[in-house]
S.K.: 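Structure in structure tokens, see below.
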Amino acid sequence: MHDKMKAVIEKNTEFGLKHYPISIWNYTDLKTHGEHMDENEMQALCDAGITLPQSPNFDPTNPAEIVHINSMLDWAAKRDMKLTLRDPRCMVQADENGNVPGDYADGVRAAVADFGAHPALFGFFVGDEGGGDAAAECQRIQKEIAPHLFPFYNHLPVLSDDWDQYLDKYMRLSNSDI
């Protein structure tokens, strides 16, 4: 194995990953497709080599959906996988002026209370490209509240010859204001 691959594997360990992080986006939701989000599906993702899947969207005010997400985390843990949760309380929020609402941190705290101690939680999905300063502020707030979790925002830095340092670069960009 060459040195750059070894560096990636060492960084994975720091993030609590036991395997190389191979993710898959999930833009479904539990309300519509929940019956398909079962332990067999988690096993199928594992069999396909997925180690860091994204959860479906869910409603954190629905107790049954909270139970379902916790089950998904349990199924992931049994397979040495981690999940990035699409919890709406942690996604980019901005008012008409582009400012993060004052109660955003309360939503993140609630999400962390619901899931933050689970060993299969990698972090929360902040959002896709766009969002500007609000996205950076949401990441900063998440990292302040839950420094052990990864505030994933899908705005990837340009990869270069030193791709083995991707997570370090991403975290520096994600946390440059912290």
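Heavy atoms only: backbone and side chains are in, while hydrogens, waters and symmetry mates are out. Here the structure is a predicted model, which is why all the values come from computation and not from measurement.
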S.K.: Do Cys46 and Met81 make a side-chain contact, defined as non-hydrogen atoms from C-beta onward lying under 4.5 Å apart?
M.R.: yes
S.K.: Kindly write out the residues that satisfy side chain to side chain donor-acceptor pair (under 3.5 Å) with Asp59, not counting sequence neighbours, or none if the list is empty.
M.R.: Thr61
S.K.: Tell me every residue that passes side chain to side chain contact (heavy atoms under 4.5 Å, CB included) with His33, counting only those two or more places apart in sequence or in another chain.
M.R.: Thr28, His36, Met37
S.K.: Restricting to salt bridge (charged side-chain N to carboxylate O under 4.0 Å, His left out), what partner residues turn up for Glu39, sequence neighbours left out?
M.R.: Lys78, Arg79
S.K.: Can you name the residues that form a side chain to side chain contact (heavy atoms under 4.5 Å, CB included) with Ala77, not counting sequence neighbours?
M.R.: His118, Ala120
S.K.: Write out all pairs satisfying side-chain hydrogen bond (donor to acceptor under 3.5 Å, both in side chains) with one or both partners inside residues 90-103, taking only residues at least two apart or from two chains.
M.R.: none
S.K.: Mind jotting down which residue pairs meet the ring pair (Phe, Tyr, Trp, His ring centres under 6.0 Å) criterion with at least one end in residues 66-113? Sequence neighbours excluded, please.
M.R.: none
S.K.: Please list, chain by chain and in numerical order, all residues satisfying salt bridge (charged side-chain N to carboxylate O under 4.0 Å, His left out) with Asp74, sequence neighbours excluded.
M.R.: none
S.K.: Partners of Asp38 by side chain to side chain donor-acceptor pair (under 3.5 Å), sequence neighbours excluded?
M.R.: none
S.K.: How would you list, by chain and number, every residue that makes a side chain to side chain donor-acceptor pair (under 3.5 Å) with Ser71, sequence neighbours excluded?
M.R.: none
S.K.: Evaluate the side-chain proximity of Ile69 to Met72: yes if any heavy-atom separation is below 4.5 Å, no if none is.
M.R.: yes
S.K.: Among residues at least two apart in sequence or on other chains, which ones pass side chain to side chain contact (heavy atoms under 4.5 Å, CB included) with Ala146?
M.R.: Val112, His148, Leu149
S.K.: State, with a plain yes or no, whether a side-chain heavy atom of Ile141 is found less than 4.5 Å away from one of Glu137.
M.R.: yes
S.K.: Applying side chain to side chain contact (heavy atoms under 4.5 Å, CB included), can you list everything that pairs with Ala64, at least two apart in sequence or on another chain?
M.R.: Asn62
S.K.: Answer yes when Arg86 and Asp29 have at least one side-chain N-carboxylate O distance shorter than 4.0 Å, and no when they do not.
M.R.: no
S.K.: Can you tell me how far CD of Glu35 sits from CG of Leu30, rounded to the nearest 0.5 angstrom?
M.R.: 10.0 Å
S.K.: Side chains of Thr84 and Ser23: closer than 4.5 Å at any heavy-atom pair?
M.R.: no
S.K.: Under the ring pair (Phe, Tyr, Trp, His ring centres under 6.0 Å) test, which residues partner Phe58, sequence neighbours left out?
M.R.: Phe115
